[in-house]
Asker: 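My structure is below; once you've seen it, I'll send some questions.
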Amino acid sequence: MELLKEKIRTEGIVLSEQVLKVDAFLNHQIDPRLMQQIGHAFAERFRDQGITKIVTIEASGIAPAVMAGLELGVPVIFARKYQSLTLRENLYISKVFSFTKQTESTIAISAKHLHANDHVLVIDDFLANGHAAKALLDLIGQAGASVAGLGIVIEKSFQEGRSLLENEGYRVESLARVKSLKDGKVTFVD
Ligand code: 5GP
């Protein structure tokens, strides 16, 4: 997606060889028009797949997921940090190691929103080592739902997330594939 790559080139900040900061348009301040186009791009890739729900993780996955949900006409569920949920609820629960915080947290989805007959598109802002994606797939598996694939806004192709997911048979669609963050510069796969 050319517009997204241009945004990353002009407004992205390379924090290290591993971490890209995009808080000017994705992670903190949000560019709604760009987000609308991101939603459209995901919908184009998954429109014929019979998707019934989109699943993402709070907080940065919500904006692109909602835009994709709007385009596809399906509800969006975001996995919540466990502590913020009412304990009495019937929950699907998983653990996720946060790449940016380097801590483990527990995430959950209420069983009342996700069912065995759902066909799910997973969306997230970044794909690094695939921990967030795996935790979301775990929650979806607990519900007995099936997975159409994963839509990722920014994939860091030098990390192992994509190969991990593809080895398990999942379709991964990324709108921008970062090849390297070396020398303070972003280069793309294509
Ligand atoms: P993974 O679980 O695939 O290792 O990392 C993906 C998660 O970590 C995403 O949900 C995203 O929030 C965060 N993340 C991973 N890499 C980056 C990065 O380079 N920049 C930012 N801002 N977040 C990242």
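Here the structure is a predicted model, which means the values were calculated and not measured. Below, each value reflects all heavy atoms present in this structure, side chains not excepted, and no hydrogens, waters or symmetry copies. Counting starts at 1 for both ligands and their atoms, in listed order.
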Asker: I'd like to know whether NE2 of H28 has more than 12 heavy-atom contacts from other residues, nucleotides or ligands below 6.0 angstrom.
Answerer: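 No.
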
Asker: Cation-pi between K179 and F188: NZ/CZ under 6.0 Å from ring centre and within 45° of the ring axis?
Answerer: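 No, cation not above the ring by the 6.0 Å, 45° rule.
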
Asker: Could you give the N/O to N/O pairs under 3.5 Å linking ligand 1 and the protein, each with its distance?
Answerer:
unit_1: ligand 1; atom_1: 2 (O); unit_2: H131; atom_2: N; d: 3.1
unit_1: ligand 1; atom_1: 2 (O); unit_2: A132; atom_2: N; d: 2.8
unit_1: ligand 1; atom_1: 3 (O); unit_2: A128; atom_2: N; d: 2.8
unit_1: ligand 1; atom_1: 3 (O); unit_2: N129; atom_2: N; d: 3.1
unit_1: ligand 1; atom_1: 3 (O); unit_2: G130; atom_2: N; d: 2.7
unit_1: ligand 1; atom_1: 4 (O); unit_2: N129; atom_2: N; d: 2.8
unit_1: ligand 1; atom_1: 10 (O); unit_2: D124; atom_2: OD2; d: 2.8
unit_1: ligand 1; atom_1: 10 (O); unit_2: D125; atom_2: OD1; d: 3.3
unit_1: ligand 1; atom_1: 12 (O); unit_2: D125; atom_2: OD1; d: 3.3
unit_1: ligand 1; atom_1: 16 (N); unit_2: K156; atom_2: NZ; d: 2.7
unit_1: ligand 1; atom_1: 19 (O); unit_2: L20; atom_2: N; d: 2.9
unit_1: ligand 1; atom_1: 19 (O); unit_2: K156; atom_2: NZ; d: 2.8
unit_1: ligand 1; atom_1: 20 (N); unit_2: L20; atom_2: O; d: 2.7
unit_1: ligand 1; atom_1: 22 (N); unit_2: L20; atom_2: O; d: 3.4
unit_1: ligand 1; atom_1: 22 (N); unit_2: N27; atom_2: OD1; d: 3.0

Asker: Just wondering, more than 12 heavy atoms not from K5 lying within 6.0 Å of its NZ?
Answerer: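 Enclosed.
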
Asker: State whether E71 and R47 are salt-bridged, where the test is any N-O pair (Lys NZ or Arg NE/NH1/NH2 against Asp/Glu carboxylate O) under 4.0 Å.
Answerer: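 Looking at E71 and R47, the cut-off is met.
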
Asker: Is it true that R45 and E173 have a side-chain N and a carboxylate O under 4.0 angstrom from each other?
Answerer: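 Yes.
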
Asker: For D183, does the CG atom have more than 12 heavy-atom neighbours from other residues, nucleotides or ligands under 6.0 Å away?
Answerer: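 Atom CG in D183 is not crowded, with 12 or fewer foreign heavy atoms closer than 6.0 Å.
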
